[in-house]
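Heads up: the structure comes next, in structure tokens.
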Amino acid sequence: QVQLVESGGGLVQAGSSLRLSCAASGRTFSSYAMGWFRQAPGKERELVAAISWSGYSTYYVDSVKDRFTISRDNAKNTVYLQMNSLKPEDTAVYYCAAGGGWGNRPAINDFDYWGQGTQVTVSS
């Protein structure tokens, strides 16, 4: 089992950058695929980015490609989401999640463990 704690959210202006961090407990962090999800009020939770256990494979939803970068440091049991050129539509609670991996494309059902979330608000 793994426990996840997100940090780094906040209130920023459009065009700004933020880096989210997710610290994981447990000695098996390096065996998990990791993902960042977000949920805006009244909307379903959506996968933003995912990274395989090795870091070799990554996935991004189209709306964040070329703006967001997911990375991991297995020595520090931490996964990051670097968010650049933020837009008001990026406003949401961002969740970190861990799972066993995915097939052709990651999906919410591939992730078993979840953090509490961190709020990101982008003003126009």
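As the structure is a prediction and not an experimental result, all values here were calculated from the model. The figures that follow rest on heavy atoms only: side chains count, while hydrogens, waters and symmetry mates do not.
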Hey, does the side chain of Gln116 reach the backbone of Glu6 with a donor-acceptor pair shorter than 3.5 angstrom?
no
Holding to side chain to side chain donor-acceptor pair (under 3.5 Å), I want the full list of residues that pass it with Gln3, two or more places apart in sequence or in another chain.
none
Partners meeting side chain to side chain donor-acceptor pair (under 3.5 Å) with Ser54 (sequence neighbours left out):
Ser52
Say you draw a straight line from [atom1] of [X] to [atom2] of [Y]; how long is it, rounded to the nearest 0.5 Å?
X	Y	atom1	atom2	answer
Gln39	Glu46	CD	CD	10.0 Å
Thr28	Trp53	OG1	CH2	13.0 Å
Asn77	Arg72	CG	CZ	9.0 Å
Thr78	Leu20	OG1	CG	12.5 Å

Of the non-hydrogen atoms in [X] and [Y], which two are nearest, and what is the gap between them?
X	Y	value
Asp110	Trp102	OD2-CB, 3.5 Å
Gly115	Tyr95	O-CD2, 3.6 Å
Tyr60	Lys65	O-CE, 3.3 Å
Ala98	Met34	CB-SD, 3.5 Å
Ser21	Trp36	O-CH2, 3.6 Å
Val12	Ser16	CB-CB, 3.9 Å

Following the transitive rule for hydrophobic clusters with a side-chain heavy-atom cut-off under 4.5 Å over Ile, Leu, Val, Met, Phe, Trp and Tyr, establish whether Tyr59 and Ile108 coincide in one cluster.
yes
Please answer: with hydrophobic residues joined when any side-chain heavy atoms are less than 4.5 Å apart, are Leu47 and Tyr80 in the same cluster?
no
Just jot down the ring-ring contact (aromatic ring centres under 6.0 Å, His included) partners of Phe111, sequence neighbours excluded, or say none.
Phe37
For Tyr32, what residues pass the ring-ring contact (aromatic ring centres under 6.0 Å, His included) criterion, not counting sequence neighbours?
Tyr113
Residue pairs passing the disulfide bond (SG atoms under 2.5 Å apart) test where at least one lies in residues 67-124, sequence neighbours excluded:
Cys22-Cys96
Below 3.5 Å, can you tabulate the donor-acceptor pairs from side chains in residues 84-92 to any protein atom, sequence neighbours excluded?
residue, atom, partner, partner atom, Å
Asn84, OD1, Ser17, OG, 2.9
Asn84, OD1, Gln82, NE2, 2.9
Asp90, OD1, Arg38, NH1, 2.9
Asp90, OD1, Arg67, NH2, 3.0
Asp90, OD2, Arg67, NH1, 2.8
Asp90, OD2, Arg67, NH2, 3.4
Asp90, OD2, Lys87, N, 2.8
Thr91, OG1, Pro88, O, 2.9
Thr91, OG1, Val122, N, 2.9
Thr91, OG1, Val122, O, 3.4

